[in-house]
Amino acid sequence: KENKFKEIKDHFGTLKHALREIGSLVDIVAVGHRVVHGGIEFTEPMIVTDDVLEKLEKYNELAPLHNPHNLAGIRASNQYIPNIPNVAVFDTAFFKNLPDKTKIYALPYELYEKYGIQRFGFHGISHQYVAEEAAKKLKRPLSELKLITCHLGGGCSIAAIDKGIAVDTSMGFTPMEGLMMMTRCGDTDVGVVLRLLELDPNLNSNEFRIREINDLLNFNSGIKGVSNCDNFLNLLKTFQ
């Protein structure tokens with residue numbers, strides 16, 4: 001198996017390998033894709049067209065651990081089985097009806113109006129499923145329940161669900177906010193970010209510094225960051 005996986009170089013190779021394991025492609029009528037960030041535009045499952053793909057590109061920077069790979073998987077599917085429709089399901093969709101008191105940050109209101117700076121929430125597919133399963137186990141209608149659901153893994157979040165509708169969640173404008181995660185920082189004083197921008201006056205440009213801090217907060221913080229471990233993958237093995 002390890003030798004097989006070493007031959008896989010990209011999303012196209014991964015998809016090809018996975019579908020070979022399944023068997024015949026004749027019975028495939030659609031391919032479903034989880035897409036993490038759908039912004040305010042994408043709140044329902046939809047067939048992915050070239051236009052939809054182009055619009056989703058702008059959310060790559062807001063969910064850099066996920067969205068670029070989500071879109072790469074869709075493109076691989078288009079390439080390998082071009083006549084089969086791709087359907088995107090969005091992690092943010094479950095939180096589309098967050099109340100204003102939850103959705104709007106305590107920032108100048110024009111930032112929400114002009115630029116859509118708001119809480120989107122993530123892991124919605126998981127939170128919706130967990131809520132529905134909890135109702136089954138409790139043997140009560142979901143429409144009667146108030147629940148706190150938890151998504152715990154490489155990414156972590158919690159959500160408050162009232163009668164099947166999400167009313168609050170720990171993640172925000174990006175999947176960085178909220179709980180401490182595997183490599184993401186979770187809640188951090190924004191003053192820390194401002195301080196980081198000031199720390200090295202010898203950097204070439206603010207743009208470079210912003211990219212560097214983005215990588216730090218998304219890829220090198222969380223458990224990885226506080227463990228101060230040079231070989232993070234070996235550390236992970238100790239938990240398995």
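Keep in mind that the numbers below use all heavy atoms, side chains included, and drop hydrogens, waters and symmetry copies.
Residues Leu71 and Val48 fail the side-chain proximity criterion, which asks for heavy atoms closer than 4.5 Å. Side-chain atoms of Leu56 and Phe42, non-hydrogen and from C-beta on, do get closer than 4.5 Å to each other. Residues Leu65 and Phe219 have side chains in contact (heavy-atom distance under 4.5 Å, counting atoms from C-beta outward). The side-chain heavy atoms of Asp162 and Lys146, taken from C-beta on, include a pair separated by under 4.5 Å. Under the 4.5 Å side-chain criterion, counting only non-hydrogen atoms from C-beta, Val130 is not in contact with His151. At a threshold of 4.5 Å between non-hydrogen side-chain atoms, the residues Ser77 and Ile84 do not count as touching. Between Glu57 and Leu53 the shortest side-chain heavy-atom distance does not fall below 4.5 Å. The closest side-chain heavy-atom distance from Leu98 to Gln118 is not below 4.5 Å.
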Evaluation steps, side-chain contact (heavy atoms from CB on, under 4.5 Å), between Asp187 and Glu177: CA-CA 5 Å; Asp187 282 347; Glu177 189 177 0; 3.2 Å; yes

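Between Leu138 atom CG and Glu133 atom CD the span is 11.0 Å, to the nearest 0.5 Å. A distance of 8.5 Å separates OG1 of Thr169 from CD1 of Ile161, quoted to the nearest 0.5 Å. A distance of 8.0 Å separates CD1 of Ile158 from CG of Asp168, quoted to the nearest 0.5 Å. For the atom pair CD of Glu41 and CE of Met46, the computed distance is 9.0 Å after rounding to the nearest 0.5 Å. Taking CG of Asn214 as the start and CG of Leu62 as the end, the distance is 9.5 Å to the nearest 0.5 Å. A distance of 9.0 Å separates OG in Ser221 from CE in Met180, rounded to the nearest 0.5 Å.
Listed for the Asn218 side chain is no donor-acceptor partner under 3.5 Å among the backbone atoms of Arg184. A donor-acceptor pair under 3.5 Å links the side-chain atoms of Thr188 to the main chain of Gly186, judged by distance alone. In this structure, the side chain of Asn86 does not engage the main chain of His33 through any donor-acceptor pair within 3.5 Å. With Asn67 contributing its side chain and Asn60 its backbone, the two residues share no donor-acceptor pair below 3.5 Å. Between the side chain of Arg119 and the backbone N or O of Met171, at least one donor-acceptor pair lies under 3.5 Å. Of the possible donor and acceptor atoms, none in the side chain of Thr149 sits under 3.5 Å from a partner among the backbone N and O of Ala131.
Residues Ala159 and Phe95 share a closest heavy-atom pair of CB-CE2, 4.0 Å. Looking at every heavy atom in both residues, Arg140 comes nearest to Glu144 through NH2-O, 3.7 Å. Nearest heavy atom pair, residue Ala63 against residue Val36, reads CB-CG1, 4.1 Å. The two residues His123 and Gly155 have their closest heavy-atom pair at CE1-C, 3.6 Å. The minimum heavy-atom distance linking Thr92 with Gly121 is given by the pair CG2-O, 3.1 Å.
The ring pair (Phe, Tyr, Trp, His ring centres under 6.0 Å) test applied to Phe94 returns no partner, not counting sequence neighbours. When the ring pair (Phe, Tyr, Trp, His ring centres under 6.0 Å) test is applied to Phe120, the partners found at least two apart in sequence or on another chain are His37, Phe173. For the ring pair (Phe, Tyr, Trp, His ring centres under 6.0 Å) test, residues two or more places apart in sequence or in another chain that qualify with Tyr80 are Phe12.
Phe90 and Val87 fall into different hydrophobic clusters, where Ile, Leu, Val, Met, Phe, Trp and Tyr residues are linked whenever their side-chain heavy atoms come under 4.5 Å apart, directly or through other members. Linking Ile, Leu, Val, Met, Phe, Trp and Tyr whenever their side-chain heavy atoms come within less than 4.5 Å puts Leu25 and Val31 in one cluster. No path of Ile, Leu, Val, Met, Phe, Trp and Tyr side chains, each step under 4.5 Å between heavy atoms, connects Ile117 with Tyr109, placing them in separate hydrophobic clusters.
Salt-bridge annotation for Asp215 and Arg211: absent, with no side-chain N of the basic residue lying under 4.0 Å from a carboxylate O of the acidic one.
Remark: Asp50 CG is loosely packed, at most 12 non-hydrogen atoms of other residues, nucleotides or ligands lying under 6.0 Å away. Counting heavy-atom neighbours within 6.0 Å of Leu107 CG, excluding the residue itself, gives a total above 12. The neighbour count for Leu194 CG, taken as heavy atoms of other residues, nucleotides or ligands under 6.0 Å away, is above 12. Counting heavy-atom neighbours within 6.0 Å of Glu54 CD, excluding the residue itself, gives a total of 12 or less.
Counted by atom type alone, Ser157 and His127 present one or more donor-acceptor pairs between their side chains at under 3.5 Å.
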